[in-house]
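Down below is the structure, laid out as structure tokens.
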Amino acid sequence: MKRRIVLLGPPASGKGTQAALIEDRLGIPTVSTGEALRNEKAAGTKLGEEADRYTSQGRLVPDSIAIQVVGRWLEHHGHEFVFDGFPRSISQAEGLAALLCADSQSLDVVCFLRTSEETIQRRVLNRMVCESCGRTVSVGLHVERASSPCPSCRASLVRRSDDTLETLARRMEEYRTKTEPLIDYYRGRGLLETVDSEETPEVVFEEISQILEVV
Ligand code: AMP
């Protein structure tokens, strides 16, 4: 089974949802750079404050920050991982290859979650995050209303500060210019698999399971 995995895709393509399913059902640990940065911000660290200057405007944080977050995570974890939202640029991909190579590792697969702009917009506008346990839910799918409590822990749901149409436009621009080139980069290395992420989380997970050669 493939156990060193990158999930690649535009904002709200379902990377976090699929990473959580892979972690829960296949036991492969996940690292989300976006979530790690939000946690740093919530903890009031210098790194979190610096990252927020970019994130709140829909911009990618500098490559050095993202690589630092992942490097730290890799130091404390084993040789299996799902990266949700990393790498997001060619230079991050090169940074990742160097980190893995230093540990005699390499990637097994990159799953590209193809999603239409219409779906991205709808998902961003429906997305809420639990302010206590951090679970991400979708209004209409997991909860009835934005004012509903978190289905996992009953705490309040809040909107991510970067989930506005204005910020999404910037995030999409960053995605197109910096992240999309990774599709060809990984295709050229024989690692890319494309998944139709318009489907429900269960259907997408089924497709990913086949790619990962889950037996
Ligand atoms: P996400 O939770 O994956 O949607 O990420 C939220 C935000 O965190 C992004 O819009 C970026 O500002 C920042 N971010 C997350 N991952 C990265 C990364 N690999 N490189 C640069 N910025 C990132």
Side-chain angles (χ1 to χ4, degrees), residues 5-23 30-43 45-74 81-100 107 110-113 115 117 119-131 133-138 157-183 185-186 197 201:
I5 306 156
V6 163
L7 297 179
L8 175 66
S13 53
K15 300 185 294 294
T17 302
Q18 293 305 319
L21 287 171
I22 295 170
E23 179 163 301
T30 291
V31 60
S32 154
T33 38
E35 194 183 326
L37 295 171
R38 283 189 288 280
N39 291 341
E40 293 279 344
K41 167 86 194 325
T45 67
K46 220 172 137 208
L47 179 75
E49 294 298 329
E50 194 188 342
D52 189 59
R53 293 211 316 263
Y54 299 89
T55 302
S56 61
Q57 289 175 35
R59 307 193 70 108
L60 292 184
V61 304
D63 290 332
S64 57
I65 294 185
I67 292 168
Q68 192 186 326
V69 167
V70 168
R72 252 198 244 159
W73 187 89
L74 280 172
F81 48 76
V82 185
F83 287 135
D84 155 13
F86 180 88
R88 269 172 148 119
S89 67
I90 299 279
S91 120
Q92 289 182 20
E94 286 167 349
L96 175 60
L99 282 172
L100 294 177
L107 286 180
V110 175
C111 295
F112 167 50
L113 306 187
T115 320
E117 288 219 16
T119 300
I120 292 169
Q121 262 200 24
R122 179 173 40 80
R123 287 184 185 166
V124 160
L125 294 178
N126 286 329
R127 178 157 64 185
M128 304 293 293
V129 184
C130 175
E131 62 179 2
C133 73
R135 179 173 170 190
T136 296
V137 296
S138 182
L157 298 173
V158 292
R159 207 170 279 285
R160 264 172 55 169
S161 61
D162 58 347
D163 272 348
T164 62
L165 282 183
E166 196 189 0
T167 311
L168 177 62
R170 173 61 72 113
R171 284 157 72 199
M172 285 306 293
E173 191 185 312
E174 292 275 85
Y175 171 74
R176 278 194 209 97
T177 54
K178 297 183 182 157
T179 310
E180 223 167 40
L182 287 174
I183 296 172
Y185 176 90
Y186 282 125
S197 202

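Read the numbers this way: they start at 1 and go in the same order the structure lists the ligands and their atoms. Both backbone and side-chain heavy atoms feed into the values below; hydrogens, waters and symmetry mates do not.
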When you compare ligand 1 with [X], is there at least one nitrogen or oxygen pair between them that comes in under 3.5 angstrom?
X   : value
Q92 : yes
G85 : yes
T33 : yes

Looking at ligand 1, does Y54 have a heavy atom less than 4.0 Å from it?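 Checking ligand 1 against Y54, which is what was asked, there is no heavy-atom contact under 4.0 Å.
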Which residue holds the protein heavy atom closest to atom 12 (O) of ligand 1, what is that atom called, and what is the gap in Å?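 Nearest protein contact, heavy atoms only, for atom 12 (O) of ligand 1 is R59 O, 2.7 Å.
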Any idea which protein heavy atom is nearest atom 7 (C) of ligand 1, and the distance to it?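 Scanning the protein heavy atoms, the shortest distance from atom 7 (C) of ligand 1 goes to T55 CG2, 3.6 Å.
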Can you name the atoms of ligand 1, numbered from 1 with element, that are less than 4.0 Å from a heavy atom of A66?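 Ligand 1 atoms under the 4.0 Å threshold to A66: 18 (C), 19 (N), 20 (N).
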Under 4.0 Å, heavy-atom basis, I'd like to know which part of [X] is in contact with ligand 1: side chain, backbone, both or neither.
X    : answer
K15  : neither
R160 : side chain
R38  : side chain

Checking heavy-atom distances from atom 15 (C) of ligand 1 to each of R88, K178, R170, the winner is R88
Hey, looking at atom 21 (C) of ligand 1, which of V69, I65, V61, V124 has the closest heavy atom? V61
Should the pair R123-E117 be classified as a salt bridge under the 4.0 Å nitrogen-to-oxygen rule?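 The answer is no: the pair does not qualify as a salt bridge.
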SB check E174 K178 (cutoff 4.0 Å):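 Salt bridge between E174 and K178, a charged N being under 4.0 Å from a carboxylate O: yes.
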State, to 0.1 Å, how close [X] and [Y] come at their nearest heavy-atom pair, and which atoms those are.
X    : Y    : value
A12  : V124 : CB-CG2, 3.7 Å
L168 : P11  : CD1-CB, 4.1 Å
I183 : Y175 : CD1-OH, 4.1 Å

Residues 51-73 vs salt bridge (charged side-chain N to carboxylate O under 4.0 Å, His left out), sequence neighbours excluded, gives E40-R72, K41-D52
Kindly say whether R88 contributes a backbone atom to a donor-acceptor pair with the side chain of T179 at under 3.5 angstrom?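 Confirmed, T179 side chain pairs with R88 backbone.
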Rounded distance [0.5 Å steps], CG in L182 versus OG in S89: 6.5 Å
